[in-house]
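Side chains are part of it too, since the values below use all heavy atoms of this structure and drop only hydrogens, waters and symmetry mates.
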Amino acid sequence: QVQLVESGGGLVQAGESLRLSCAASGRTFNMGWFRQTPGKEREFVAVIMWSGGVTRYADSVKGRFTISRDAAKNTVYLQMNSLKPEDTAVYYCAVSSTGYISTYYGNYNYWGRGTQVTVSS
């Protein structure tokens with residue numbers, strides 16, 4: 001069983017930055033970030049392979065967001081720069097036990113409760 005706790009969300013203006021953190025208890029494999037707005041399906045944002053650190057990003061955040069991990073703390077981060085109003089969403093951290101990078105939320109076994117990010121124009 002893996003438990004995930006996100007933190008770092010908040011209200012910022014367009015162009016500003018936020019850093020989200022996700023602390024995991026238990027063994028993790030690949031860790032990803034997804035986001036969701038009311039009435040829409042959960043959307044892939046970024047993923048990092050715990051072993052090797054390979055990353056992948058959604059096109060909408062590429063060049064602005066950076067995912068990283070601290071193995072000693074069993075924590076993954078999402079640095080979000082140049083935020084836009086369309087980045088407003090609840091952001092979820094998730095763990096996948098697959099051996100490959102996946103952008104599909106159905107391949108993730110454990111989820112945090114989410115943290116709200118609101119970007120005003």
Side-chain angles (χ1 to χ4, degrees):
Q1 187 78 8
V2 177
Q3 293 184 328
L4 304 171
V5 179
E6 303 107 331
S7 61
L11 170 64
V12 296
Q13 293 188 331
E16 294 184 340
S17 299
L18 277 175
R19 189 177 81 154
L20 305 182
S21 299
C22 176
S25 64
R27 186 177 179 182
T28 58
F29 296 89
N30 300 334
M31 293 187 72
W33 287 96
F34 290 76
R35 63 188 182 187
Q36 191 168 23
T37 53
K40 293 189 176 181
E41 195 169 89
R42 198 160 290 189
E43 176 190 20
F44 167 76
V45 176
V47 61
I48 186 166
M49 292 186 73
W50 205 252
S51 175
V54 175
T55 59
R56 183 172 292 177
Y57 298 90
D59 288 342
S60 59
V61 307
K62 203 173 292 183
R64 300 187 298 122
F65 290 13
T66 302
I67 189 170
S68 62
R69 76 204 190 290
D70 184 330
K73 296 181 179 180
N74 222 24
T75 298
V76 66
Y77 304 97
L78 185 68
Q79 177 67 43
M80 305 185 294
N81 298 329
S82 302
L83 283 161
K84 305 175 181 180
E86 51 263 44
D87 294 318
T88 295
V90 177
Y91 283 70
Y92 296 91
C93 173
V95 168
S96 170
S97 60
T98 64
Y100 54 89
I101 280 190
S102 175
T103 63
Y104 175 52
Y105 65 84
N107 286 332
Y108 287 76
N109 310 91
Y110 301 99
W111 293 84
R113 293 187 175 183
T115 184
Q116 177 71 47
V117 171
T118 304
V119 185
S120 63
S121 57

**Message:** Please say yes or no: joined through hydrophobic side-chain contacts below 4.5 Å, possibly via intermediate residues, are Ile48 and Tyr92 part of one cluster?
**Reply:** no
Counting distance only, does the side-chain N/O of [X] pair as donor-acceptor with the main-chain N or O of [Y] below 3.5 Å?
X: Arg69; Y: Trp50; answer: yes
X: Ser96; Y: Asn107; answer: yes
X: Ser121; Y: Pro85; answer: no
X: Asn74; Y: Ala24; answer: yes
X: Thr118; Y: Thr88; answer: no
X: Gln13; Y: Ser120; answer: no
X: Glu6; Y: Arg113; answer: yes

Is the shortest heavy-atom distance from the side chain of [X] to the side chain of [Y] under 4.5 Å?
X: Met49; Y: Ile101; result: yes
X: Met80; Y: Val117; result: yes
X: Phe65; Y: Leu78; result: yes
X: Arg35; Y: Asp87; result: yes
X: Glu86; Y: Ser60; result: no
X: Cys93; Y: Trp33; result: yes

**Item:** Lys/Arg-Asp/Glu bridge criterion (N-O < 4.0 Å) met for Asp59, Lys62
**Value:** yes
**Within 6.0 Å of CZ in Arg56, more than 12 heavy atoms from elsewhere** = no
**Message:** For Tyr108 and Phe34, take the angle between the two ring planes, folded into 0 to 90°, and tell me which bin it lands in: parallel under 30, tilted 30 to 60, perpendicular over 60.
**Reply:** perpendicular
**Request:** Compare every heavy atom of Val95 with every heavy atom of Leu4, then report the nearest pair and how far apart it is.
**Result:** CD2-CG2, 3.7 Å
